[in-house]
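Working notes for the structure below.
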Amino acid sequence: MIRAHYESVKRNTGSQASLCIVSKHRSPEEILSYYDEGERIFAENRADELVRKASQLPKDIEWHFIGHLQRNKVRQILPVTVMIQSLDSIALADVIEKEAARINKVMPVLAEFHLAQEDTSKTGLSVSQADELFAHCKDLPYVRIEGIMVMGPHTDDKERIAEVFRKAKDLFDDLKSRYGEEIRILSMGMSSDYETALECGSNMVRIGTYLFEE
Ligand SMILES: *Cc1c(COP(=O)(O)O)cnc(C)c1O
């Protein structure tokens with residue numbers, strides 16, 4: 001672990017946001033160095049890696065899935081995942097519903113939105129698809145949407161990043177007012193932009209590089 005970086009992240013997130021430590025490509029030892037500080041929320045973006053690490057590491061780790069999720073990997077990750085942050089289609093919601101029902105586990109998810117027009121390669125829903133997905137999931141007993149996940153645009157322009165994050169906050173507030181208090185998580189902010197995300201109202205940051213590299 002990198003203590004100075006960890007301390008500044010903890011100070012900045014404070015009571016406003018929970019810290020989701022992005023542990024993709026990190027070794028069990030690196031993960032345990034934060035586990036030993038009391039951290040429990042870790043995130044992976046590949047199904048195989050998540051399942052492997054979950055089997056090797058303490059059982060009280062709360063694994064979040066943050067990568068593009070292929071439908072044929074849902075069955076594999078469901079038993080070891082507490083939240084899927086990357087729900088990006090109705091078809092995927094239906095697969096999660098079917099697999100979660102099979103093991104009788106209600107699955108918390110975040111809907112992933114793509115709000116930065118310039119990053120065309122990124123996955124995620126557009127704002128215009130929000131209602132269809134949220135309304136659809138209301139009828140799925142084993143899929144529980146608890147909020148949204150958003151990536152900032154790939155740029156150094158802080159004002160542009162803030163613009164996207166403010167748009168995300170507005171979307172979050174709107175969805176919450178229409179779909180209820182269950183919509184409670186606004187996951188935005190990574191190593192390079194998490195402070196801006198916090199200023200814009202994020203209540204969950206996903207940080208990897210900064211916590212593991214000098
Ligand atoms: C890798 C990743 C992060 C963390 O990025 P860092 O720059 O390493 O902090 C956050 N969110 C998602 C979806 C990621 O894939």
Side-chain angles (χ1 to χ4, degrees), residues 1-13 17-27 30-31 33-34 37 39-54 61-70 73-74 77 81-89 92 108-116 118-126 145-158 160-162 164-165 167-169 171-172 185-214:
M1 71 166 314
I2 299 176
R3 185 156 303 276
H5 290 188
Y6 179 53
E7 281 173 4
S8 73
V9 167
K10 292 303 274 188
R11 197 166 49 241
N12 289 328
T13 50
S18 40
L19 171 60
C20 187
I21 298 183
V22 177
S23 52
K24 63 190 185 205
H25 319 311
R26 306 296 168 184
S27 67
E30 286 176 292
I31 295 171
S33 71
Y34 281 103
E37 296 293 323
E39 297 301 328
R40 291 294 179 271
I41 307 176
F42 292 86
E44 292 285 334
N45 68 342
R46 303 205 33 184
D48 304 353
E49 195 174 339
L50 169 58
V51 169
R52 180 167 46 79
K53 284 175 174 169
I61 287 184
E62 299 167 25
W63 294 103
H64 287 221
F65 190 82
I66 58 171
H68 179 66
L69 182 54
Q70 289 171 292
K73 302 281 179 159
V74 172
I77 69 160
T81 306
V82 305
M83 177 170 277
I84 294 169
Q85 296 202 13
S86 42
L87 175 64
D88 60 1
S89 73
L92 179 59
V109 302
L110 304 181
E112 179 180 355
F113 284 90
H114 176 182
L115 303 178
E118 58 265 52
D119 296 340
T120 47
S121 60
K122 284 194 183 154
T123 54
L125 299 148
S126 63
I145 297 202
E146 296 193 351
I148 68 174
M149 188 260 264
V150 173
M151 301 257 244
H154 190 72
T155 170
D156 293 331
D157 180 353
K158 253 192 145 172
R160 176 61 193 137
I161 294 170
V164 169
F165 285 160
K167 194 166 154 192
K169 175 67 160 65
L171 174 64
F172 173 71
I185 299 179
L186 174 55
S187 171
M188 61 183 189
M190 333 201 301
S191 293
S192 58
D193 57 18
Y194 84 94
E195 289 168 274
T196 307
L198 289 170
E199 283 163 19
C200 297
S202 166
N203 61 20
M204 178 176 282
V205 295
R206 309 177 308 275
I207 303 182
T209 312
Y210 185 68
L211 289 171
F212 292 103
E213 292 174 26
E214 289 292 355

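Residues take their numbers from the sequence shown, with the count starting at 1. Just follow the structure's listing: the first ligand is 1, and inside any ligand the first atom is 1.
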Among all protein heavy atoms in this structure, tell me which lies nearest to [atom], with the distance rounded to 0.1 Å.
atom                    : value
atom 10 (C) of ligand 1 : M190 SD, 3.2 Å
atom 11 (N) of ligand 1 : R206 NE, 2.9 Å
atom 12 (C) of ligand 1 : I66 CD1, 3.5 Å
atom 2 (C) of ligand 1  : K24 NZ, 2.6 Å

Please work out whether the ring planes of F212 and Y34 are parallel, tilted or perpendicular, with thresholds of 30° and 60°.
->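 Aromatic pair F212/Y34 classed perpendicular.
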Do the rings of W63 and F42 sit parallel, tilted or perpendicular, given the 30° and 60° boundaries?
->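 The rings of W63 and F42 sit tilted, inter-plane angle from 30° to 60°.
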Heavy atoms from other residues, nucleotides or ligands near CG of D157 exceed 12 (cutoff 6.0 Å) | yes
Taking distance alone, with N or O pairs closer than 3.5 Å, would you say [X] contacts ligand 1?
X    : value
Y210 : no
S191 : yes
M149 : no
S192 : no

Test side-chain contact (heavy atoms from CB on, under 4.5 Å) on E112 and H68 and set out the steps.
-> CA-CA 10 Å; E112 179 180 355; H68 179 66; over 6 Å; no
Is it true that E213 and R26 make a salt bridge, defined as a side-chain N closer than 4.0 Å to a carboxylate O?
-> yes
Is any side-chain N of the basic residue among R52 and E44 closer than 4.0 Å to the acidic one's carboxylate O?
-> no
Pairing residues for D48 by the side-chain hydrogen bond (donor to acceptor under 3.5 Å, both in side chains) criterion, not counting sequence neighbours |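 Scan of D48 (side-chain hydrogen bond (donor to acceptor under 3.5 Å, both in side chains), adjacent residues dropped) gives K73, Q76.
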Report the part of V22 (side chain from C-beta onward, or backbone N, CA, C, O) that has a heavy atom under 4.0 Å from ligand 1; answer both or neither where that applies.
->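 The part of V22 near ligand 1 is the side chain, not the backbone.
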Atoms of ligand 1 less than 4.0 Å from I207 heavy atoms?
->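 The atoms of ligand 1 under 4.0 Å from a heavy atom of I207 are 9 (O).
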Atoms in ligand 1 with a heavy atom of T209 nearer than 4.0 Å =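 Checking each atom against T209, I get 6 (P), 7 (O), 8 (O), 9 (O).
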If you round to the nearest 0.5 Å, how far is NE2 of H154 from OG of S192?
->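 Spacing of OG (S192) from NE2 (H154) equals 8.5 Å.
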